[in-house]
Protein chains: 2
Amino acid sequence: MQFSIPFSGRAHLYTDEEIALVAATARESVPLTQGYYLNAFESAFKIYTGAKHAFAVSNATAALEMAAQLCLFQPGDEVIVPAHTFTASAYPFVKQGARIVWADFHPATRVITADTIAACLTARTKAIVVVHLYGYGADMPAIMALARQHGLLVIEDAAQALGVRIQEHHAGTFGDFGAFSFHSHKNLSTLGEGGMLTVQEDGIAALIPMLRHNGHCGFADQREDYWIPAMGNVDLPEWRGYSLMPNNVCLGEVECALGAKLLERADRINREKRERALAVIAALSDIPELTFHCVTNERHNYHLLVARIAHGWRDAFIRTMANQHRIQCIVQYCPLYRYPLYRKLGFGAATCPNTDDFFDNMVSFPFHHALLPQDLETIVSATRGTIETLRTQ
Amino acid sequence: MQFSIPFSGRAHLYTDEEIALVAATARESVPLTQGYYLNAFESAFKIYTGAKHAFAVSNATAALEMAAQLCLFQPGDEVIVPAHTFTASAYPFVKQGARIVWADFHPATRVITADTIAACLTARTKAIVVVHLYGYGADMPAIMALARQHGLLVIEDAAQALGVRIQEHHAGTFGDFGAFSFHSHKNLSTLGEGGMLTVQEDGIAALIPMLRHNGHCGFADQREDYWIPAMGNVDLPEWRGYSLMPNNVCLGEVECALGAKLLERADRINREKRERALAVIAALSDIPELTFHCVTNERHNYHLLVARIAHGWRDAFIRTMANQHRIQCIVQYCPLYRYPLYRKLGFGAATCPNTDDFFDNMVSFPFHHALLPQDLETIVSATRGTIETLRTQ
C-alpha cells in the first residue's frame, strides 16, 4: 500500500550545514575511522549528557553487547528486562549467559519502575535493564536506590532517550552503563547507524577501547622505536579476573563528525517534537477512546507518539487510518516473550498483564521530526474522523 | 614525529561524483539503513565478483564472526589460521569455540598453501581460514581440493583482496564463506567502515539477513493486516539443528550507495596500484637487500607493498627512513601467537619459521592510492639512499 503519511524509516532531515560537514569529512578526513572526530564526538557527548565516560560504537546493540559482557554473568544469573521493548534490549544479555526475567511496566508511563522490578527480584538477580521507551525517562533515582540496596548492576537502554532529563540529569547517566542509538529512526541519526556507550566506572572505561576495537591497545613499556616489538599490541580485556573477548564495533569518522554537530540541535529537535506531541494530544483530548502519556517537560522527548485505544478498537482504527486516510499507524512493541526467538530460548513465560494489554490495544502514530505541520493536522483530523466512524459501528 | 610521507590511515580519496552521491544519499535516502542501497550494493557486488550470495555488513570482522558462527564448532574442533595476518582473521573463531592451529606461509608469496595447511591437519580440523594477505590471492583451487578431500569448511579472508582474480575467479568466491573489508585502509573504503560476507550455500544465505539484523524475519503465514500479529517477526536462526544467536551488524545506506558506486572503479584502482608497485619494484630491482613479491597480473592488487630486507637490517632501515627522510615505513603483521591475547587464550605456541623470519626482517612501505607520483619517487630514492648508507656501516 502507498501511504500519503508513512510511518517512515527516517526520523529527521539534515541541514545544508550538516550535509556540507558530511561531504567535507568524507573528502578530507585522514583516517576515515578511529581518528579526530571519534574523540570530538565522545567529548561533545560527555559535555552534552554529563556522562563520565562515553564511547562511540557502531550501534546501540553493540553498546548493550559490551555492557552485557562486562556484567560477568555466571550460570544461573538473572537479568530483569522489560518485555515491552525492542529485541536488542534483551538478547545481548542472553548471549552472555544471563537468564531473562521479564518485568511488567506501569500502565501510565509504559516503562518499568522500582516496584515492577522489585516483583522480579530473586537471589539470582544480577542486573536490571531499564529502557526509557518512547523517549520517556524511567524513575532512575528510585531504581538506582533499589539496585544499590540489592547490589545489582543497572544498564540504561537510552536508545530512544537522547536528551531526556530525569531530575536534571540525563537518561543514560544514572546506571553502570548507558546505551544510546543514532539509528535512522531516532531523534538524531548519524547516517542511519551509530551508537554510544556510557560507563561510570573508570576501570571499565579503560577497557572499552580495546573491547571495541579488536583488542588493540598500547604496550606497557615505553618504546624507543614505534615499530618494536610491533606497531601496536593486542591483548585480552580482563575485568575482575575474567577474560572478555574483543569485538570490532567502531563508528566511522564521518558519522562521528556528524554526530558531534547534531548534538548542537538535540535539545531543539526534542523540544519541537515535545511541542508537537503536546499539540496533538491537546487536539485529541476530548476523545476518551485514546489515552496518551502527557509529559510537558524534558523527561519526555517524544521519540514516538503512542496512545492506548479503547479495548477492541485497535485493528479497525489502524485499518481505517490506512485504507481511508493513507496514514500508516503501527503497533509496537510486541511483548518479547511472544516472539519465537525468546520462546525457543526458554523465555516464553511472563506475568506482564500491563504489557500484554497495552500491546493489544495501542497505536503508534507517524511522528518523525521531518513531518510537516499539515501532516500533523492531517493525522489529527483523520484520527478524529476515524474514531467518529468507529463509534457509529 | 611528523612524517612528510606517513603510512596513512586512509587509502584513497573520493571523486567529486562520489562526494556528491554521499551528500545526496545523506540528504534524501528514506530510510538511512536497510533500504534500497543495501540491495543495490549487494547486487553490484555479486555482479562484480561473481559471488553467489553477498551481504553488506558493518565491517569484515562482522562477516568473519557470522562465518565462524555458521561453522558450528564443537568442543575440541580446530581451525587452521595463518599466523601472519590481522588479528580479526583469527579471534572470531575462538569466540565460537574453535581451537586455533597456526599455519605457516610460503616465503615467496607470504600466504598459506595447500602444503602448509596439510601440515596442520588433525582429526579435529573443521575449518580453514585462508587470508589473501597484502592483496595476493592464495592458491584456492589447490586449497579447495584439499578441503573437500577432508570435508573441511573454508573461510576466505579477502579483506585486502577485493578484485583479485585467481584463475579468472575472484578471491572470496571459492570458499564456503568470503569476508571483504571496506575499512579506511583498504583499496576501496565505504566512509571508513564496512564489509561484505559472501556465501555459497543457499540455506545459509537465507539465514544471513536475520543473523545480521537482530533476528528480524517475516512470518510463515500470509498476513491480511500488516500489523498483526506484529509489525515483524523475531526468530532464532537455526542451521543444521543448532541455534545461532543474532547480531546487529548492518551497514548504512550512505555507505552502501557509495560502495556500489566505488565498485565501478575497483579494477582501475587495483590496476593503478599494481602498475605503481611494479614500477617501484623495478626501480629497486638492483638492490639485493630487498626482496619484493612481484606479480604482474590480477592475482595481486598490491593493497600493500612489502619487502623482505636483509637479515639484521630492518630496524636501521626503518629508523633511517623515518629520521632522515621523514618517510613512515612500518612492520606488519606481527605473528599472532606473539600477542598477549593469543598467549593468554592458550594459542601462544606455533611452528611457523617463515612467519617469524619474515616479520623480523620485513618492511611495509607507505603505498595508499592517494600517494602522488613524486611521493613514490621520493620513497624510491630515499630507499636507495638508505640502503647505500647502511652498506657503508
Side-chain angles (χ1 to χ4, degrees), chain A residues 8-10 13-14 19 22-23 26-27 29-35 58-59 61-62 87-88 91 94-95 183-185 189 191-193 214-215 225 227-231 233-236 243 245-246 248-255 315 318-319 330-332 334 336 338-341 344-345, chain B residues 8-10 13-14 19 22-23 26-27 29-35 58-59 61-62 87-88 91 94-95 183-185 189 191-193 214-215 225 227-231 233-236 243 245-246 248-255 315 318-319 330-332 334 336 338-341 344-345:
Chain A
S8 182
R10 175 174 181 156
L13 304 176
Y14 296 122
I19 293 289
V22 165
R27 194 185 290 279
S29 179
V30 179
L32 280 167
T33 188
Q34 299 290 99
S58 50
N59 54 47
T61 312
T87 182
Y91 78 77
V94 182
K95 284 170 97 164
H183 178 272
S184 181
H185 291 172
S189 179
L191 297 186
E193 294 284 347
N214 296 315
D225 293 310
W227 64 95
I228 298 173
M231 297 300 294
N233 199 5
V234 176
D235 207 342
L236 194 62
S243 297
M245 288 299 291
N248 187 355
V249 290
C250 299
L251 189 64
E253 287 289 279
V254 177
E255 284 83 355
D315 295 339
I318 296 178
R319 201 174 291 121
I330 72 166
V331 296
Q332 57 192 164
C334 179
L336 292 177
R338 294 190 192 178
Y339 283 126
L341 183 140
K344 290 176 183 174
L345 291 169
Chain B
S8 182
R10 175 174 181 156
L13 303 177
Y14 297 122
I19 292 290
V22 164
R27 193 185 292 278
S29 179
V30 180
L32 280 166
T33 188
Q34 299 291 98
S58 50
N59 55 45
T61 311
T87 181
Y91 79 77
V94 182
K95 283 169 98 164
H183 177 273
S184 180
H185 290 173
S189 180
L191 296 185
E193 294 284 348
N214 296 316
D225 293 311
W227 65 94
I228 298 174
M231 297 301 293
N233 199 7
V234 176
D235 206 344
L236 195 61
S243 297
M245 288 300 291
N248 188 354
V249 290
C250 297
L251 190 64
E253 287 289 278
V254 177
E255 283 82 355
D315 295 339
I318 296 177
R319 202 174 290 123
I330 72 167
V331 295
Q332 55 191 163
C334 178
L336 292 177
R338 295 191 193 178
Y339 283 126
L341 183 140
K344 290 176 182 174
L345 291 169

[atom2] on [Y] to [atom1] on [X], rounded to 0.5 Å:
X	Y	atom1	atom2	result
B:Glu193	A:Gln34	CD	CD	6.5 Å
B:Ile330	A:Trp227	CD1	CH2	12.0 Å
B:Thr33	A:His185	OG1	NE2	9.0 Å

A:Asn59 side-chain N/O to B:Asn248 backbone N/O, donor-acceptor pair under 3.5 Å: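 Indeed, once roles are kept as given, a pair shorter than 3.5 Å links the two residues.
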
Whether B:Lys344 side chain and A:Ser243 backbone form a donor-acceptor pair below 3.5 Å: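 Flag not set: sc B:Lys344 to bb A:Ser243 has no pair under 3.5 Å.
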
Heavy-atom distance under 4.5 Å to chain A: side chain of [X], backbone, both or neither?
X	result
B:His183	side chain
B:Pro229	backbone
B:Cys334	side chain
B:Gln332	neither
B:Asp225	side chain

Leading residue by heavy atom contact count with chain A [cutoff under 4.5 Å; candidates B:Thr61, B:Ile228, B:Val234]: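 Top option by heavy-atom pairs under 4.5 Å: B:Val234.
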
Contact leader toward chain A among B:Gly9, B:Gly252, B:Ala230, B:Pro246, where contacts are heavy-atom pairs under 4.5 Å: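 Highest number of heavy-atom pairs under 4.5 Å: B:Pro246.
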
Side chain to side chain contact (heavy atoms under 4.5 Å, CB included) assessment of A:Leu236 paired with B:Tyr91: CA-CA 10 Å; A:Leu236 194 62; B:Tyr91 79 77; over 6 Å; no

Audit row: A:Met245, B:Leu345, side chain to side chain contact (heavy atoms under 4.5 Å, CB included) steps and yes/no: CA-CA 10 Å; A:Met245 288 299 291; B:Leu345 291 169; 3.9 Å; yes

Counterpart residues, salt bridge (charged side-chain N to carboxylate O under 4.0 Å, His left out), relative to A:Arg10 (two or more places apart):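 Here no residue qualifies.
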
Derivation of the side chain to side chain donor-acceptor pair (under 3.5 Å) call for A:Tyr339 and B:Asn233: CA-CA 7 Å; A:Tyr339 283 126; B:Asn233 199 7; over 6 Å; no

